[in-house]
Amino acid sequence: MVEDNYKQRGLRNKLVKKLREKGISDERVLTAIGKVPRHAFFDAALLNHAYEDKAFPIGEGQTISQPYTVAFQTEKLQVKAGDKVLEIGTGSGYQAAVLLEIGAKVYTIEYNRKLYEHTKKFIPELGYKPFFFFGDGSKGLPAKAPFDKIIVTAGAPVVPSALTDQLTENGILIIPVGDRERQKMLRITKKQGKLLQEEFDNFAFVPLLGDQGWK
Ligand code: SAM
């Protein structure tokens, strides 16, 4: 079990306060971020930075997303307890842990074999048990579809049709779409079979690879 001391809890409370100031208001999201020991997802060398509102390297050229980005995507996804959620881009497992703290049933897929192996072994030791899958998440996870919510944590060139196909009625997809450097956050809601699209701020994610991602 990871140590979670007074100092780390204090830093986490400060982070939650900062996210509130930046406009995050969903109490389920703020409570979840207040619970997940983000420092446990960091290498010893970067430990002191765990509660900064920044993205950090996790190896394999990938990153653990900035807490604001995690909070923003989770809030816009309107996640609630009992939702069946697909996360594309497991990475460190931090976003999956936040979704689990909210009470969602989480399926998470990762395309990088080393990260998949590492996170699959590591986060259950912290008590976080999503269903792990290895493969190209740009195609979704047809064997387990449909999903109430889908969150893509890498930047896509287009909205993969496989993902909207795998949404339930009233299902929501949150996905950053743009070029390799900058993407606009899109929220797509399925209503009576139709897709409703909303646009939010710009973000900078690592690229979504694969069949319906970057080649
Ligand atoms: N959600 C992660 C976290 O909480 O640490 C951060 C994810 S990181 C910004 C993006 C991840 O997407 C990387 O781990 C990358 O390997 C993964 N990825 C890229 N293309 C993918 C694909 N087609 N399917 C699944 N994962 C993919």
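In each ligand, atom 1 is the first atom listed, and ligand 1 is the first ligand listed.
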K.L.:
Kindly indicate, with the supporting measurements, whether the criterion side-chain contact (heavy atoms from CB on, under 4.5 Å) is fulfilled by Phe72 and Met185.
P.N.:
CA-CA 10 Å; Phe72 187 91; Met185 194 66 75; 4.0 Å; yes
K.L.:
Check for a donor-acceptor pair, side chain of Lys149 on one end and backbone N or O of Gln78 on the other, with a separation under 3.5 Å.
P.N.:
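A pair under 3.5 Å: yes.
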K.L.:
Quick one: does any side-chain atom of Glu101 pair with a main-chain N or O of Thr31 as donor and acceptor, under 3.5 Å?
P.N.:
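It does not hold such a pair.
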K.L.:
Is there a side-chain contact between Ile174 and Val152 (heavy atoms, below 4.5 Å)?
P.N.:
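Side-chain contact under 4.5 Å: no.
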K.L.:
Examine Arg113 relative to Phe134 and say whether NZ or CZ is less than 6.0 Å from the centre of the six-membered ring and inside a 45° cone about the ring axis.
P.N.:
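Yes, Arg113 lies over the aromatic ring of Phe134.
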K.L.:
Could you name the protein residues that come within less than 4.0 Å of ligand 1, counting only heavy atoms, and order them by chain and residue number?
P.N.:
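Answer by chain and number: Gln62, Thr63, Ile64, Ser65, Glu87, Ile88, Gly89, Thr90, Gly91, Ser92, Gly93, Tyr94, Gln95, Ile109, Glu110, Tyr111, Asn112, Leu115, Gly135, Asp136, Gly137, Ser138, Thr153, Ala154, Val206, Pro207, Leu208, Leu209.
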K.L.:
Going by an N to O cut-off under 4.0 Å, is there a salt bridge joining Asp4 and Arg12?
P.N.:
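Here Asp4 pairs with Arg12 in a salt bridge, since their nearest N and O are under 4.0 Å apart.
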